[in-house]
J.: 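Okay, here's the structure, questions in a sec.
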Amino acid sequence: MGLKELPNAEKGKVVLRFAPNPNGPLTLGHARGVTINSEYSKLYEGKVVLRFDDTDSKVKPPIKEAYGWIESDYEWLTGKKPDIIVKASERMDIYLEYAEKLLRDDFGYVCKCSAEKFKKLRDDSKECPCRSKSPLENLSHWKLMNDGTFDEGDAVVRVKTSMDLPNPALRDWPALRIQHSEHPMVGNKYKVWPLLDFQSAIEDYEQGVTHIIRGKDLMDSTRKQTLLYAHFGWDYPETLYWGRVKIHEFGSFSTSGMRKDIENKKFTGWDDPRLPTLRALRRRGFDSDAMRDFWIDLGLTQKDISVSLQTIEAFNSSKIDERCERRAFVRNPELLKFDNSSELITSLSIKRHPMGQIEGERIWDLNDKRIYLEKNDIKETKIRLKDFADIRILDDMVQLESYERSDKRKIVHWLPVSMAKNSILTIPKGDEIIIQKGMIEDFELKKGDIVQLERVGYAIIESENNSSIIKLLWLHG
RNA sequence: GCUCGUGUAGUGUAGUGGUCCAUCAUGAAGCCCUCUCGAGGCUUCGACCCGGGUUCAAAUCCCGGCACGAGCACCA
């Protein structure tokens with residue numbers, strides 16, 4: 001299907017942006033913004049600005065390391081670096097200058113009302129007393145805000161729109177407020193910080209952004225910013241929206257919530273496999289192309305949607321299957337031995353990939369006549385050992401019946417003892433972690449490789465190449 | 001309360017007046033193939049929120065409901 005055309009887009013002249021708060025790494029929710037913006041940029045040979053909206057050091061404080069995390073998450077997902085990277089915190093002088101201009105132009109004022117008091121006035125469409133101050137007076141209060149004389153909460157700068165606007169959200173909206181908390185990038189240099197609506201508006205203009213694609217929860221932002229643009233005589237970028245996304249298995253994505261849970265040791269870190277962060281998904285073996293295909297397939301609509309992880313997994317399987325070698329993984333292994341009447345060949349060779357997408361074979365040594373089978377599979381007495389032979393089960397002994405397939409009996413995976421290595425499969429399930437012990441086929445197990453455990457599903461090898469116990473992390477079925 | 005947005009199969013999505021007894025993907029069920037419960041192939045299931053109106057003709061336009069969601073933060 002693909003993405004629809006962007007309105008008023010000229011090839012080579014499109015500038016888009018993706019603006020996360022660096023208060024954690026990117027999540028699955030951010031992936032939509034990254035994908036949509038980068039795909040459009042590719043389509044129109046445009047540019048993407050990665051902008052760190054780090055203007056709040058109090059409610060959602062930035063994490064110093066997160067800037068780097070986000071850059072690498074972005075690069076992983078799109079396969080390239082953003083064209084331009086800016087941090088709001090290093091552009092503060094520009095924002096403050098525009099704020100001052102706002103006051104000089106009498107298009108803004110320093111409001112000393114409490115938030116509650118202003119809310120009441122606004123709901124009644126009444127002007128607050130601060131609104132009638134002269135630019136000169138505002139400028140002198142502005143100075144007091146910036147030099148630290150005014151304390152946090154003492155004053156905000158508002159954009160003078162109109163108190164009669166039908167939409168209460170747009171009435172004299174707040175543009176800057178005082179924060180004395182230390183900022184991880186610039187310390188205590190600034191006392192006054194812009195709010196999103198102001199900072200974002202100015203920066204989009206400064207960067208020459210032509211198209212803004214954002215969540216529809218920001219529709220009122222567009223309206224507020226359009227008012228500001230009109231005052232400055234600028235043209236507002238084309239704006240498109242997406243609706244809210246939920247993934248069944250994860251619920252919503254709250255970076256602050258995850259941060260708290262990690263601090264409380266509920267999760268081991270940002271790459272805990274239970275988390276919907278990009279780094280957790282990448283660690284588990286999700287393919288970035290599959291992830292992109294998924295978001296492109298959803299497209300850009302304003303509908304609130306709730307999709308299943310299964311859909312992403314289907315995209316992922318189709319991307320990774322052809323490069324995943326097969327391995328046997330016997331859960332809850334039972335040791336059985338061929339009886340004396342069974343004459344066995346001494347070695348077996350099995351394809352690395354059933355369709356031959358991967359050249360070569362796995363060689364199994366069969367000199368030891370003991371094998372592992374899954375407890376569940378030996379409930380039946382006549383089964384076929386996959387790629388090997390039909391057998392009959394007699395208590396803890398097995399008897400070779402035929403190498404050729406002689407009937408329609410069930411085909412099961414198995415492992416000769418000589419090829420079996422202890423293994424632990426970690427399966428994230430909701431907030432839980434399930435540990436599944438088993439025997440893994442000891443054949444070229446390379447750290448970081450994703451294998452398909454036959455009849456089980458995909459998993460990634462997490463332990464070093466010669467570990468005595470192989471650690472596997474579950475990807476999906 | 002005010003403002004805004006969205007409503008097509010279980011889940012997503014295509015479709016902007018006839019070519020739609022509605023597309024594709026995913027899902028479920030079944031079959032074929034394959035020495036995996038994987039991959040591939042095939043079949044089936046399943047939807048235009050409701051009510052009016054305009055029109056020869058409406059998923060598509062208009063009006064009115066209803067449902068869901070969002071904004072009204074000195075968060076982003």
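The basis for the numbers below is simple: all heavy atoms, side chains too, and nothing from hydrogens, waters or symmetry mates. Just so it is clear: chains get the letters A, B, ... in the order the sequence lines come, proteins before strands, and each one is counted from 1.
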J.: When the C1' atoms of B/C45 and B/G53 are compared, how many Å lie between them, rounded to an integer?
T.: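 That atom pair is separated by 35 Å.
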J.: Base, sugar-phosphate, or nothing for A/Gln310, non-hydrogen atoms under 4.0 angstrom?
T.: sugar-phosphate
J.: Which part of the nucleic acid, if any, lies within contact of A/Pro168, taking any heavy atom under 4.0 Å across all strands shown: a base, the sugar-phosphate backbone alone, or nothing?
T.: base
J.: Roughly how many Å is it from NZ in A/Lys303 to P in B/G12, rounded to a whole number?
T.: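 Between P of B/G12 and NZ of A/Lys303: 6 Å.
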J.: Quantified in whole Å, what is the C1' atom distance between nucleotide B/G41 and nucleotide B/C33?
T.: 8 Å
J.: Could you state the CZ-P distance from A/Arg171 to B/U3, rounded to the nearest angstrom?
T.: 9 Å
J.: Roughly how many Å apart are B/U8 and B/C68, using the P atom of each and rounding to a whole number?
T.: 15 Å
J.: Base, sugar-phosphate alone, or nothing: which one does A/Arg244 contact when heavy atoms must sit under 4.0 Å apart?
T.: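 Sugar-phosphate: the residue A/Arg244, judged by heavy atoms under 4.0 Å, touches backbone atoms but no base.
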J.: Does a distance-only test, which skips hydrogens and angles, find a donor-acceptor pair under 3.5 Å between the side chain of A/Arg405 and the base of B/C35?
T.: no
J.: Is any side-chain heavy atom of A/Leu373 closer than 4.5 Å to a side-chain heavy atom of A/Leu385?
T.: yes
J.: Once the angle between the rings of A/Phe18 and A/Tyr74 is folded into 0 to 90°, is it parallel (under 30°), tilted (30 to 60°) or perpendicular (over 60°)?
T.: tilted
J.: Need one value for A/Tyr458: base, sugar-phosphate or nothing, where a base atom within 4.0 Å counts as base even if backbone is also close, heavy atoms only.
T.: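 Result for A/Tyr458 = sugar-phosphate.
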J.: So, A/Tyr241 versus A/Thr222: side-chain donor-acceptor pair below 3.5 Å or not?
T.: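 Yes, a side-chain donor-acceptor pair sits under 3.5 Å.
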J.: Whole Å only: how far is the CG atom of A/Leu170 from the C1' atom of B/A73?
T.: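 Between C1' of B/A73 and CG of A/Leu170: 15 Å.
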J.: Which is true for A/Asp387 with a 4.0 Å heavy-atom rule: it touches a base, it touches only sugar-phosphate, or it touches nothing?
T.: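 Since a base atom lies under 4.0 Å of A/Asp387, the category is base.
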J.: Starting from the 5' end of RNA chain B, give me the residue, A/Ala169 or A/Met355, whose nearest nucleotide shows up first.
T.: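 Closest to the 5' end, via its nearest nucleotide, is A/Met355.
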J.: Let me know, please, whether A/Pro354 or A/Leu196 comes out on the 5' side of the other along RNA chain B by nearest nucleotide.
T.: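 This one resolves to A/Pro354.
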J.: Could you tell me whether A/Gln302 contacts a base, only the sugar-phosphate backbone, or nothing, with contacts defined as non-hydrogen atoms closer than 4.0 Å?
T.: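 Sugar-phosphate contact only.
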J.: Please classify the nucleic acid contact of A/Gly243 as base, sugar-phosphate, or nothing, using heavy-atom distances under 4.0 Å.
T.: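 Touches nothing.
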J.: Tell me what A/Thr55 touches on the nucleic acid: a base, only sugar-phosphate, or nothing, going by heavy atoms under 4.0 Å.
T.: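 The answer is sugar-phosphate, as A/Thr55 gets under 4.0 Å only of primed atoms, P, OP1 or OP2.
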J.: Should the side chain of A/Lys386 and the base of B/C35 be counted as holding a donor-acceptor pair, with the cut-off at 3.5 Å?
T.: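 Looking at the base of B/C35, it does not pair with any donor or acceptor on the side chain of A/Lys386 (distance under 3.5 Å).
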J.: If we only count heavy atoms from C-beta on, is the A/Trp193 to A/Ser89 side-chain gap below 4.5 Å?
T.: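 Counting from C-beta outward, A/Trp193 and A/Ser89 do come under 4.5 Å.
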J.: Describe the nucleic acid contact of A/Leu218 in one word from base, sugar-phosphate, nothing, applying a heavy-atom distance below 4.0 Å.
T.: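 Base: the residue A/Leu218, judged by heavy atoms under 4.0 Å, touches a nucleobase.
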J.: With rounding to whole Å, what would you report as the distance between B/C62 and B/G17 at their C1' atoms?
T.: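 Each nucleotide's C1' atom is 13 Å from the other's.
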J.: Between B/U36, B/U3, B/G15, which one does the side chain of A/Ile411 approach most closely?
T.: B/U36
J.: With heavy atoms under 4.0 Å as the rule, sort A/Ser306 into base, sugar-phosphate or nothing.
T.: sugar-phosphate
J.: Using a heavy-atom cut-off of 4.0 Å across all strands, would you classify A/Thr301 as base, sugar-phosphate, or nothing?
T.: sugar-phosphate
J.: Tell me what A/Lys119 touches on the nucleic acid: a base, only sugar-phosphate, or nothing, going by heavy atoms under 4.0 Å.
T.: sugar-phosphate
J.: Side-chain donor or acceptor of A/Gln452 under 3.5 Å from a matching atom on the base of B/U36?
T.: yes
J.: Name the nucleic acid region contacted by A/Val307, choosing base, sugar-phosphate or nothing; use a 4.0 angstrom heavy-atom cut-off, strictly under.
T.: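 The answer is sugar-phosphate, as A/Val307 gets under 4.0 Å only of primed atoms, P, OP1 or OP2.
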J.: Considering only NZ, NE, NH1 and NH2 on the basic side and carboxylate oxygens on the acidic side, decide whether A/Lys410 and A/Glu374 come within less than 4.0 Å.
T.: no
J.: Just so I know, are the side chains of A/Tyr372 and A/Trp414 near enough to count as touching, which here means a heavy-atom distance under 4.5 Å?
T.: no
